[in-house]
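The residues of the chain are indexed from 1 along the displayed sequence. Computed from heavy atoms alone, side chains included, the values below leave out hydrogens, waters and symmetry copies.
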Amino acid sequence: MGQVVSMVARRANRFNVENRAHRVLEREKPTPAPKFDSNLRDMERTLELDPKFVDKLNMKDSSLDGRLKDVYVTSQDRFIKRVQERQAAEAAADQVEQRRLPLERKTPDDFEYGYQEPNRISPGHCTLRQALKFINDHQLDPESFPAKKIAHEYKLKEPLVENILHYFKTFNMYIPDQKYKDTMLTQATQPLLRVKSSSEGNP
């Protein structure tokens, strides 16, 4: 219902709008906006003090006009010129770089951990390389590398380091000794050989 009312009101406002606009423009003087009572009282007080105040407002003051013509501003600052010169130099450098062919055409090498490590590390943070190092050091020798020492060395919070050391471990490659493997196989096969030999001895 509201949409229908707004649509009807919109069409009513736009009805014959051009003719109404021409009628308003053809009037000699537009209707002035209503004034507040305080403005009217101020105007009355002003006219009591100076009855020719309205005439003075409508007349052109030649002295004020002459003063406006005498006022001018000069500037000795060369900031705009310097900015324009810098912009022109940057545009010329960009054009040279666009025309220049690349000197190295091979594909860049991948980073070790898949991303470029930052040059500066803020306190409370560590890189993947550092995390792997202190995790591995703690795994190999927990007494020499406790969580408190790691937190002090890498500027980390001790509870955070304890959680990292608890939940993250590095992979270790285990290569068994071949002699120990042969010994284990021999010990495991001895009972089988005894059972087999006893079964062959008894018809």
| message | Listing request: all ring-ring contact (aromatic ring centres under 6.0 Å, His included) pairs with a residue in residues 131-150, at least two apart in sequence or in separate chains. | response |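 Checked against ring-ring contact (aromatic ring centres under 6.0 Å, His included) - neighbours excluded - the pairs reaching residues 131-150 are Phe134-Tyr154.
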| Shortest non-hydrogen contact between Val161 and Ala147, atoms and distance |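 Nearest pair, atom of Val161 first, then Ala147: CG1-O, 3.8 Å.
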| message | Tell me the closest heavy-atom pair linking Leu156 and Gly124, and the distance in Å. | response |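 Residues Leu156 and Gly124, closest heavy atoms: CD2-C, 3.5 Å.
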Mind jotting down which residue pairs meet the salt bridge (charged side-chain N to carboxylate O under 4.0 Å, His left out) criterion with at least one end in [range]? Sequence neighbours excluded, please.
range            : result
residues 136-161 : Lys133-Asp137
residues 57-71   : Lys60-Asp65, Asp65-Lys69
residues 31-41   : none

| request: Using the test side chain to side chain contact (heavy atoms under 4.5 Å, CB included), find all partners of Asp110 that sit at least two apart in sequence or belong to another chain. | output: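 Not a single residue meets the side chain to side chain contact (heavy atoms under 4.5 Å, CB included) criterion with Asp110.
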Spacing of [atom1] belonging to [X] relative to [atom2] belonging to [Y], to within rounding of 0.5 Å:
X      : Y      : atom1 : atom2 : answer
Asn136 : Phe168 : CG    : CZ    : 15.5 Å
Ile164 : Ile150 : CD1   : CD1   : 9.0 Å
Arg129 : Ile121 : CZ    : CD1   : 10.0 Å
Gln84  : Arg86  : CD    : CZ    : 11.0 Å
Ile135 : Tyr167 : CD1   : OH    : 14.0 Å

| Taking C-beta and beyond as the side chain, do Gln130 and Thr127 meet within less than 4.5 Å on heavy atoms? |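 Yes; the side chains approach each other to less than 4.5 Å.
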If you look only at distance, which donor and acceptor atoms sit under 3.5 Å apart when one is on a side chain in residues 44-55 and the other is two or more places apart or in another chain?
unit_1, atom_1, unit_2, atom_2, d
Arg45, NH2, Asp42, OD1, 2.2
Thr46, OG1, Asp42, O, 2.8
Asp50, OD1, Lys52, N, 3.3
Asp50, OD2, Lys56, NZ, 3.2

| message | Just checking Tyr115: does its OH atom have more than 12 heavy atoms from other residues, nucleotides or ligands closer to it than 6.0 angstrom? | response |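 Check passes, neighbour count above 12.
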| query | Within a reach of under 6.0 Å around CG of Asn58, are more than 12 heavy atoms found that belong to other residues, nucleotides or ligands? | reply |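 Yes - once you tally the heavy atoms of other residues, nucleotides and ligands closer than 6.0 Å, there are more than 12.
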